[in-house]
2 protein chains.
Amino acid sequence: MFAHSMLRPISNDRCALHSCSVCRDASPELRAELERLGRLRICRRGETVVGEEEDTPFVGNVVSGVLRTQKTLHDGRQQIVELLLPGDMFGRVFAHTSRVSIEAASNVTLCCFGRAGFEAVMARFPELEHRMLLSIMEELNAAQDWILLLGCQTVTERIASFLLILRRRALRPCAAAATPGAFPIIRVPICRRDMAAYLGTTVESISRTIQEMARRGVLRIIDPQNFEILDERRLSLLSGRDATEKPFEHVATRRASIA
Amino acid sequence: MFAHSMLRPISNDRCALHSCSVCRDASPELRAELERLGRLRICRRGETVVGEEEDTPFVGNVVSGVLRTQKTLHDGRQQIVELLLPGDMFGRVFAHTSRVSIEAASNVTLCCFGRAGFEAVMARFPELEHRMLLSIMEELNAAQDWILLLGCQTVTERIASFLLILRRRALRPCAAAATPGAFPIIRVPICRRDMAAYLGTTVESISRTIQEMARRGVLRIIDPQNFEILDERRLSLLSGRDATEKPFEHVATRRASIA
DNA sequence: GAAGGCCCTTGCTCCAGATCAAAAGGCAGG
DNA sequence: CCTGCCTTTTGATCTGGAGCAAGGGCCTTC
């Protein structure tokens, strides 16, 4: 029987992340160091990489697939706090116990670094520590954006925002190479249940809202995980984040104003 | 007429934060450096320290009072993303434009550092950069905790959690000195409108919920900003975060289970 | 000391979205 | 191929909390 996850050293042509993760722009010495430390690991969908309140033996980045980091209340309610796509880092340096559980939302390939080893490299390469600082600041920006989304946007706005975020990610240089020419198609890499846990709503509401968007001609449902964007302008308006939308003068409320 | 905010150098006995902010445990040289760079600034309630999408000329920490960092949607809906209490840092190093607006939720005293100057000190003192990394990681933890709160907790749970967080902050060593012996009293340093914008709800819901808690004997309302905790155990249960609460086996839903 | 603004509270109404229920399709394992 | 499980969708119902309105108290400004 195989171990339920496999570890192996990174051979030069394995980790395709050199151009878009911690390794990007790293000096040759640092890159060599990281390559020596890194181990590829494959996890199947549903597998837990790090448990909540558990020790975090390693950090790393996602090579392919999607990780979810989530928190669970004692009565079982769950909230996905972050989705980690290829190129994103997972795990926290200097943090002995994880404040979230990290699970595979799809089959994933990870590039893992032992936490102690990684910290040692950080101590020797200030450029790495600096890069980590910037990376965590970016993560904080995203988290604060999510707070806005959960705190005062409707389910429709959340879903539209989510689709647009996925789209922007897919159009980023290093990801675009992976899905060439698929311009108006958005691929949602997670199931409805995970979408619900991420967006702070339920599978039923998501299903209804997306079907409604399709009826209104905003998008076409190719299959439950793939949509063709028919009217990006309108999707952007639905997201409530459109910059061209004129500010209203009336008193702000918690709910969206009637569109 | 006075400038609407005043700047002055920190004299040795002015900034009381040596023991609990960036300065804590700083080497004497670093501390001297920061003291030379720091300027005290006083802002009145409602004043904007840094506007959304504006340039951030400085970073710093809160000496007294409360700052709120908030985001605004184009139709005017607002969400407070963070409350910064004495000892907390505001502003982002290396970030040229702010992603939030930073405003005084009460009269505040700030200790400000020019951003460029602070970054220069960081470059010379790795211990400072490291401390910043840890500080931002802590901020990220708090933000992710807030995502859980907004994503799947009821208004009652949010309020109870908020009160308990304030309580824990007030009991922390360096803050406790400021309010000695005030054990069962929670002071809420912000108005209902800010509470609502922070907790993702409305002033009416907050008012009703707190009154209900008082009717049930969980707390006593001394005045709208001061509460005496009568039953901490029950408050903790209401927060939905009590560790002793037994996990249910039934299917988890988005709503709280009937208590 | 009068006026205007906030701030907080409370009653009433209404609705977005959660919950409950059920059915159909797909996939993995035996 | 059958069985069981999971995913997605759709319909029907219910409710937590938002919206609206109004009243009283306090503070600041003129």
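A, B, ... follow the sequence lines: proteins, then strands. Residue 1 opens every chain. All figures in this text were calculated on a predicted structure; none of them were measured in a lab.
- As rounded to whole Å, 16 Å separates atom C1' of dT9(D) from atom CE of Met213(A).
- Classification of Arg216(B) and Glu212(B) as a salt-bridged pair holds, one side-chain N sitting under 4.0 Å from a carboxylate O.
- Applying the salt bridge (Lys or Arg N to Asp or Glu O under 4.0 Å) rule to pairs touching residues 186-206 of chain B yields Arg68(B)-Asp194(B), sequence neighbours excluded.
- In this structure Asp145(B) satisfies the side-chain hydrogen bond (donor to acceptor under 3.5 Å, both in side chains) test together with Lys71(A), Arg241(B), sequence neighbours excluded.
- Between Leu150(B) atom CG and dG17(D) atom P the separation is 13 Å, expressed in whole Å.
- Asp55(B) contributes no side-chain N or O that, together with a main-chain N or O of Pro57(B), makes up a donor-acceptor pair within less than 3.5 Å.
- Judged as a ring pair (Phe, Tyr, Trp, His ring centres under 6.0 Å), and not counting sequence neighbours, the contacts of Tyr198(B) are Trp146(B), Phe162(B).
- Under the ring pair (Phe, Tyr, Trp, His ring centres under 6.0 Å) criterion, Phe58(B) pairs with no residue, sequence neighbours left out.
- Between Arg192(A) and Thr154(B), the residue anchored closer to the 5' end of DNA chain D is Arg192(A), taking for each the nucleotide with the nearest heavy atom.
- Between the CZ atom of Arg193(A) and the P atom of dC5(D) there is a distance of 16 Å, rounded to whole Å.
- Legend: residues meeting side-chain hydrogen bond (donor to acceptor under 3.5 Å, both in side chains) with Thr201(A), ordered by chain and number and at least two apart, are absent.
- With the end axes of the helix from dG1(C)-dC30(D) to dG30(C)-dC1(D) each set by five pairs, the angle from one to the other reads 50° at 10° resolution.
- Going from atom CZ of Arg255(A) over to atom C1' of dA16(C) covers 6 Å, rounded to whole Å.
- When each of Leu230(A), Asp242(A), Leu164(A) is paired with Leu235(A), the side chain to side chain contact (heavy atoms under 4.5 Å, CB included) condition holds for Leu164(A) and for no other.
- Residue pairs meeting the salt bridge (Lys or Arg N to Asp or Glu O under 4.0 Å) criterion with at least one partner in residues 153-166 of chain A, sequence neighbours excluded, are Glu157(A)-Arg77(B).
- The side-chain hydrogen bond (donor to acceptor under 3.5 Å, both in side chains) search around Arg255(B) returns none, not counting sequence neighbours.
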Quiz item: What does nucleotides 23-30 of chain C look like as a protein-contact string, B for base, S for sugar-phosphate only, - for none, at under 4.0 angstrom between heavy atoms?
Solution: --------
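- In this structure, Gln225(A) does not reach the dT7(D) phosphate: none of its side-chain N or O atoms is under 4.0 Å from OP1 or OP2.
- The stretch residues 194-212 of chain A comes close to DNA chain D through Glu204(A), Ser207(A), Arg208(A), Gln211(A), each having a heavy atom under 4.0 Å from the strand.
- Between the P atom of dG17(D) and the CZ atom of Arg254(B) lies a distance of 14 Å, rounded to the nearest Å.
- Summarising the geometry, the separation between CZ on Arg77(A) and P on dG16(D) is reported as 13 Å, rounded to the nearest angstrom.
- Among the nucleotides dT19(C), dG17(D), dT8(D), the one closest to any side-chain atom of Val155(B) is dG17(D).
- Considering only residues two or more places apart in sequence or on other chains, Asn141(B) meets the side-chain hydrogen bond (donor to acceptor under 3.5 Å, both in side chains) condition with Arg92(A).
- Rounded to whole angstrom, the span from the CD atom of Gln153(A) across to the C1' atom of dA18(D) amounts to 16 Å.
- In this structure, the CZ atom of Arg45(B) is 11 Å from the C1' atom of dC27(D), given to the nearest Å.
- Checked against side chain to side chain contact (heavy atoms under 4.5 Å, CB included), Thr69(A) has the following partners two or more places apart in sequence or in another chain: Val81(A), Glu82(A), Leu84(A), Val100(A), Ile102(A).
- Residues Ile221(B) and Arg158(A) both approach DNA chain C. Their nearest nucleotides, taken by heavy-atom distance, put Ile221(B) toward the 5′ side.
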